[in-house]
Amino acid sequence: MASRILLTGGAGYIGSHTHVALVAAGHDVVILDNFSNARRAVPERLEQITGKPTKMIEGDVRDPATLAAIFKTQAIDAVVHFAALKAVGESMARPLDYFDVNIGGLTTLLHAMEAAGCRRLVFSSSATVYGVPDEAPTAETAPFRAMNPYGQTKIMGEQMLGWLQAANPEWAVGILRYFNPAGAHGSALIGEDPRDIPNNLMPFVAKVALGELPRISVFGNDYDTPDGTGVRDYIHVEDLARGHVLSLEKLLSTGQGHVVNLGTGRGYSVLEVIAAYRRASNRDLPHVITDRRPGDVPIYVARADRAAEVLGFQTEKGLDEMCASSWKWVSNMAGGA
Ligand code: NAD
Ligand code: UDP
């Protein structure tokens, strides 16, 4: 059944791809974004992809008046909450900003939803809630371990939502713990678009392939992994977006919440990612081995069976498609698109 969905942070990387997937599934979507980490061209790009006007509200999720007006005028059935700050290193330097946006924003949103009687929410969480997990692949039952203020805000967000559902069973929340989102939309009109030198591997590799950065630093090759470099479960952002559609539809059809990992269940090392990107881009990708990055986790790989059982979610795209779509997107951007 078609529903009216509010996407906070819907102009960002994962939110924009989820917008496309929701519209393709027949839903009516309203975006709320303050463009603190998104380009103003995104709504128009979304129109090009979906062939429908993008309903875009510019505003801050911490502003109660903005939210009250949206719920009053838009008849929202459910919310997908992406709006947050997400850089681990920055969160160590400016923890208050992270508590303000990630916890303050969530609290303000929940108040507005409660006041409007809208109690269906999909929440962007992260594998980072597991800290350094005891086991890989890591199941949803693994304990919370905060490694930095960013991770702490995701743990606190999940816990707040747990207490809210315990207090009032009319709430149904889908908590989605993303592993490592990568790749871009097949149209190359939207994708990950970091403003500064990227911290994450895939966008950094993309900039080396473009010739904008000279070489990749591989952060350690002495981990207890097959080639000694860090292993991650990269998930194509279009697969991830589809996971949100399934989560929302499950919440709306059953009124029951869930907590699921969204990953592929398969890990790739840093060197494997570089090799795959080299194949996709046909560019030389110089790299050097450097010291480990402080606080890095050797292996993050999802136990992916709960998402399959609860949501019927399966990933469809592998690492080569992530690299190929990323390369198409960054080449398109570099060409001035
Ligand atoms: P992003 O920065 O591309 O998207 C976030 C969007 O929220 C941006 O468009 C930004 O302008 C907007 N925003 C930020 N603060 C806002 C505010 N106060 N009011 C309104 N809009 C605001 O990030 P993303 O990678 O798309 O991440 C989306 C969500 O997924 C975040 O909650 C993030 O913590 C979570 N997540 C991301 C990853 C990842 O690797 N990208 C992994 C796990 C979890
Ligand atoms: N990594 C790297 N060089 C970089 C960026 C990342 O070797 O310039 C490694 C990092 O140590 C980790 C993997 O790539 O093993 C993924 O890092 P990313 O920051 O993308 O994701 P996260 O560590 O947050 O899961």
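The first residue of the sequence shown is numbered 1, and numbering continues consecutively from there. For ligands, and for the atoms within them, numbers begin at 1 and follow the listed sequence.
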Item to complete: Examine distances only and state if a side-chain atom of Ser91 and a backbone atom of Tyr150 form a donor-acceptor pair shorter than 3.5 Å.
Response: yes
Note: ligand 1 atoms sitting under 4.0 Å from heavy atoms of Gly12 are 3 (O), 4 (O), 8 (C), 9 (O)
Point to revise | 4.0 Å heavy-atom contact, Tyr150 with ligand 2 | key: no
Between Asn34 and ligand 1, does any nitrogen or oxygen pair lie at a separation below 3.5 Å? yes
Here the atoms of ligand 2 under 4.0 Å from any heavy atom belonging to Gly230 are 15 (O)
The protein heavy atom nearest to atom 30 (O) of ligand 1 is Tyr178 CE1, 3.2 Å
*In sequence, state the C-alpha distance, the side-chain angles, and the governing distance for Phe82 and His244, and then conclude on ring-ring contact (aromatic ring centres under 6.0 Å, His included).*
CA-CA 11 Å; Phe82 295 104; His244 291 74; 5.1 Å; yes
Residue, atom and distance of the protein heavy atom nearest atom 25 (O) of ligand 2 read Arg232 NE, 2.6 Å
A student checking ligand 1 against Ser124 at a 4.0 Å heavy-atom cut-off should list atoms 29 (C), 30 (O), 32 (O), 35 (C)
query = Should Ser36 be counted as touching ligand 1, given the test is an N or O pair under 3.5 Å?
reply = yes
- Query: Is the shortest N/O to N/O distance between Ile14 and ligand 1 below 3.5 Å?
  - Reply: yes
Notebook entry, point to check: Under 3.5 Å, N or O to N or O, is Ser217 touching ligand 2 that way?
Noted result: yes
Stepwise salt bridge (charged side-chain N to carboxylate O under 4.0 Å, His left out) test for Arg266 and Asp233: CA-CA 6 Å; Arg266 161 89 158 90; Asp233 183 340; over 6 Å; no
closest protein heavy atom to atom 2 (O) of ligand 1 is Asn37 ND2, 2.7 Å
Per-atom filter on ligand 1: closer than 4.0 angstrom to a heavy atom of Ala11 are 9 (O)
Going by the 4.0 angstrom heavy-atom rule, the piece of Leu201 near ligand 2 is both
Note: ligand 2 atoms sitting under 4.0 Å from heavy atoms of Val218 are 7 (O)
The atoms of ligand 1 lying under 4.0 Å from a heavy atom of Phe35, numbered in the order shown, are 11 (O)
- Does Arg303 pair with Glu135 as a salt bridge, N-O distance under 4.0 Å? no
Ranked by distance from atom 28 (C) of ligand 1, the top protein heavy atom is Phe82 O, 3.7 Å
Per-atom filter on ligand 2: closer than 4.0 angstrom to a heavy atom of Asn180 are 21 (O), 22 (P), 25 (O)
- Task: Would you check the N or O atoms of Ala83, main chain and side chain alike, for any that come under 3.5 Å of an N or O of ligand 1?
- Result: no
Gly59 heavy atoms within 4.0 Å reach ligand 1 at atoms 19 (N), 20 (C)
So the atoms of ligand 1 within less than 4.0 Å of a heavy atom of Arg62 turn out to be 18 (N)
Looking only at protein heavy atoms, what sits closest to atom 7 (O) of ligand 2 is Phe219 N, 2.9 Å
Check your understanding: If you measure every N/O of Asp60 against every N/O of ligand 1, is any gap under 3.5 Å?
Key -> yes
Which of Val122, Val29, Val79, Leu32 passes side-chain contact (heavy atoms from CB on, under 4.5 Å) with Leu7? It is Val29
Going by the 4.0 angstrom heavy-atom rule, the piece of Tyr234 near ligand 2 is side chain
* Asked: Do His287 and Ser217 get their side chains close enough for a donor-acceptor pair, meaning under 3.5 Å?
  -> no
Give the C-alpha distance, both sets of side-chain angles, the deciding distance and a yes or no for salt bridge (charged side-chain N to carboxylate O under 4.0 Å, His left out) between Arg4 and Asp28. CA-CA 5 Å; Arg4 172 78 60 93; Asp28 188 7; 2.6 Å; yes
Under 4.0 Å between heavy atoms, the region of Asn199 that gets near ligand 2 turns out to be backbone
So, is His81 polar-close to ligand 1, with some N/O to N/O distance under 3.5 Å?
-> no
Aromatic rings Phe179 and Tyr300: how do their planes relate, parallel, tilted or perpendicular, breaks at 30° and 60°? perpendicular
If you scan protein heavy atoms around atom 10 (C) of ligand 1, the nearest is Asp33 OD1, 3.4 Å
TODO: Consider only side-chain N and O atoms of Thr153 and Asn102, and report whether a donor and an acceptor are under 3.5 Å apart.
DONE: yes
